[in-house]
Enquirer: 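Pasting a structure here, questions to come.
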Amino acid sequence: TALSDLDSILLESVGVMGALDAFRALHPHSAAFSYNHNGAASRIDMAFVSEALVESVVGAAIAQLFHDDHEPIVLALELAKEVVSTEGSG
């Protein structure tokens, strides 16, 4: 399907900022949808992360929690703790 002008502008802007679709990064070929209304399904709800954080995404799912037309996207991030050594200072 063709993207609307607004969709194209949004995706281009997100790309310029260096952000990536976290769900698509983990599931590049998934046919999962976050929006379903009157038989029309789409993945219009997205969660973006910076390129620096994309490697920290260890889980991404479209949760089937609500019986609504939109479903939430849930991300799991594994963030490294930076250890700062104070040895030898002072």
Enquirer: What's the shortest heavy-atom distance between Val57 and Leu77, and which atoms?
Expert: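 In terms of heavy atoms, the two residues are closest at CG2-CD2, 3.4 Å.
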Enquirer: Between atom CD of Glu55 and atom CG of Leu20, what is the distance when rounded to the nearest 0.5 Å?
Expert: 10.0 Å
Enquirer: Do you know which two heavy atoms are closest between His29 and Arg24, and how far apart they sit?
Expert: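 Heavy atoms only, the tightest pair is N-NH1, 4.1 Å.
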Enquirer: Evaluate the side chain to side chain contact (heavy atoms under 4.5 Å, CB included) criterion for residues Leu75 and Val58: first the C-alpha distance (whole Å), next the side-chain angles of each, then the deciding distance (0.1 Å), finally the verdict.
Expert: CA-CA 8 Å; Leu75 297 182; Val58 295; over 6 Å; no
Enquirer: Which heavy atom of Ala60 sits nearest to which heavy atom of Leu26, and what is that distance?
Expert: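 The pair with the smallest heavy-atom distance is N-CD1, 3.6 Å.
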Enquirer: For the CG atom of Asp21 and the NE2 atom of His27, what is their distance to the nearest 0.5 Å?
Expert: 10.0 Å
Enquirer: Distance check, rounded to the nearest 0.5 Å: Ile62 atom CD1 versus Glu71 atom CD?
Expert: 8.5 Å
Enquirer: Same cluster or not: Ile73 versus Phe48, using hydrophobic residues (I, L, V, M, F, W, Y) connected whenever any side-chain heavy atoms lie under 4.5 Å apart?
Expert: no
